[in-house]
There are 2 protein chains.
Amino acid sequence: MGRKSLSEARTNEILDAFGRCIIKYGLDTSLEQVAEEAGMTRSIIRHYIGNREEVVNTLIERVTHDYLNTLQRLGDGIPDEKLIDLLLDYLFGGLPDYDAVDKLILDILMTAKNRYPVAKQRLRDLFTHIITLLANDFQRLYSHNTPDKCREVAYGVLCLAMSNESFVWIGMDAQHHVMARQQAIYLIESLH
Amino acid sequence: MGRKSLSEARTNEILDAFGRCIIKYGLDTSLEQVAEEAGMTRSIIRHYIGNREEVVNTLIERVTHDYLNTLQRLGDGIPDEKLIDLLLDYLFGGLPDYDAVDKLILDILMTAKNRYPVAKQRLRDLFTHIITLLANDFQRLYSHNTPDKCREVAYGVLCLAMSNESFVWIGMDAQHHVMARQQAIYLIESLH
DNA sequence: ATATAAATTGTCAACTATGACAATTTATTT
DNA sequence: AAATAAATTGTCATAGTTGACAATTTATAT
């Protein structure tokens, strides 16, 4: 008996709203404001997720999971010669269904640092995974390079992608997307 | 008559303390906490600088100014063939008197975004200046390249430096400094 | 030593955020 | 329609933050 649980749906609405708030106001947006953005009361947030720390951790959990997942499945069924292009499109925002939100959130979450130790750990894991993932692709495509060299380039590409996102976000002209992508290509070409 | 003004010294103490707080707790550290860190009361902060927004803006002003200044004077009296190394040392943290704080603050301030419009503007200006500065050096050293190409590489190097700083900060091993620096060299070599 | 400018301390009211929990409403099954 | 589990709303006490300003103390030039 009793009624159907809305837990999953509500949780998603809350995290979505929180994400939008973070983009607009930063990680320290009050739960009150998040509730307003989501069109619900703070009590509901408390009911479905919990206190502030739990909300933050839940969000980071979701965002990092989704990001890695998307990146992992990106190459499925794609011929090798198109893989690099696709990866770059994703990392530098040229993809049609590209979800800006996730990357923006990631960028902002970098400020979680000491205040949210779980977040810090999660982000480190995420970036480490991304590097490994990219490095593996490079290794397969340009197999005469050492694993270390592949990792180095992967790290470089990731740096370019992340910074670029931040820069464009503070209002530097979108042209920079193209520049960053081009620099990433130079790095990858050093593997040829 | 009256007593000597401590304005300048106090202002510096406050901004220093604020910087340390931001590193530890984020941009939204309360002025109360900043005061504690600085070993004074909040009233003093209010007296010497003003309200929250003024404190934030003053800090950003100082940090961006100092950063650009240091970078600008870096090449003074340095022979061309050592310039690149020196720039890279500064950007990737190999310099002995390198002041980590400024770069960390910069990284954190990237979250100011919409909340502090003045900050956003200042950061944009700062980064634009840095790019121009680097691009000019590249142009002088490798003059057969187009200005656009030089700018592109400058942007890439800046992205590498900034991201790298963030990554190391969230706890990724310091080895990455070396990797980022190496990638920057690859980019610059594309100008040879 | 005294006038004076500036430093420093202290206090207050208004506002906001949070956590906890009680009370009520709604949907669903039997 | 009655039972029940979950959703939703509402309220409260507590604590923290901020801005404003009054009161006091301290150093310095004359």
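Just so it is clear: chains get the letters A, B, ... in the order the sequence lines come, proteins before strands, and each one is counted from 1.
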(request) Encode nucleotides 22-30 of chain C as B, S and - characters from 5' to 3', where the letter depends on protein heavy atoms closer than 4.0 Å: B to the base, S only to sugar-phosphate, - to neither. (result) ----BBBBS
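Under the rule for a side chain to side chain contact (heavy atoms under 4.5 Å, CB included), the partners of A/V118 that lie at least two apart in sequence or sit in another chain are A/N57, A/R122. Partners of B/D16 under the salt bridge (Lys or Arg N to Asp or Glu O under 4.0 Å) rule, at least two apart in sequence or in another chain, are B/R62. Among residues two or more places apart in sequence or in another chain, the side chain to side chain contact (heavy atoms under 4.5 Å, CB included) test is passed with A/E37 by A/A17, A/R20, A/C21, A/K24. Evaluation of the side chain to side chain contact (heavy atoms under 4.5 Å, CB included) rule for A/H192 yields A/Y142, A/E189 as partners, not counting sequence neighbours. Checked against side-chain hydrogen bond (donor to acceptor under 3.5 Å, both in side chains), B/D173 has no partners two or more places apart in sequence or in another chain. When the side chain to side chain contact (heavy atoms under 4.5 Å, CB included) test is applied to A/T146, the partners found at least two apart in sequence or on another chain are A/D148, A/K149.
Using a 4.0 Å cutoff on non-hydrogen atoms, the parts of residues 5-12 of chain A near DNA chain D are A/S5, A/L6, A/S7, A/R10, ordered by number. The stretch residues 28-45 of chain A touches DNA chain C through A/S30, A/L31, A/E32, A/R42, each having a heavy atom within less than 4.0 Å of the strand.
With rounding to whole Å, B/I14 atom CD1 is found 12 Å from C/dA7 atom C1'. Protein atom OH of B/Y25 is 15 Å distant from nucleotide atom C1' of D/dG16, rounded to whole Å. As rounded to whole Å, 13 Å separates atom P of C/dT18 from atom CD of A/E54. Atom CG of B/N51 and atom P of D/dG19 are 5 Å apart (whole Å).
Taking only side-chain nitrogens and oxygens, A/Y48 comes nearer than 4.0 Å to OP1 or OP2 of D/dT8. Using a 4.0 Å cut-off, no side-chain N or O of A/H47 falls inside it from OP1 or OP2 of D/dA6.
In this structure, A/R52 reaches the sugar-phosphate backbone alone: every heavy-atom distance under 4.0 Å involves primed, P, OP1 or OP2 atoms, never a base.
Within the structure, side-chain hydrogen bond (donor to acceptor under 3.5 Å, both in side chains) pairs that include any residue of residues 76-87 of chain B comprise B/D80-B/R140 (at least two apart or interchain).
When atom types are taken as modelled, the side chain of B/Q183 and the backbone of B/L160 share no donor-acceptor pair closer than 3.5 angstrom. Put simply, the side chain of A/S163 gets close to the backbone of B/S163: a donor and an acceptor are under 3.5 Å apart.
Between A/F127 and A/Y67, the gap from one ring centroid to the other reaches at least 6.0 Å.
A donor and an acceptor atom, one from each side chain of A/N164 and A/H177, are located under 3.5 Å apart. At a cut-off of 3.5 Å, with distance as the only test, a side-chain donor of B/D125 or B/Q121 sits close to an acceptor on the other residue.
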Quick one: which protein N/O atoms are closer than 3.5 Å to N/O atoms of nucleotides 13-15 of chain C? Pair and distance per line, please.
none

Taking distance alone, no hydrogens or angles, what donor-acceptor pairs closer than 3.5 Å link side-chain atoms of residues 38-51 of chain B to residues at least two apart or in another chain?
{"from": "B/R42", "atom 1": "NE", "to": "B/E32", "atom 2": "OE1", "distance (Å)": "3.0"}
{"from": "B/N51", "atom 1": "OD1", "to": "B/E53", "atom 2": "N", "distance (Å)": "3.3"}
{"from": "B/N51", "atom 1": "OD1", "to": "B/E54", "atom 2": "N", "distance (Å)": "3.1"}

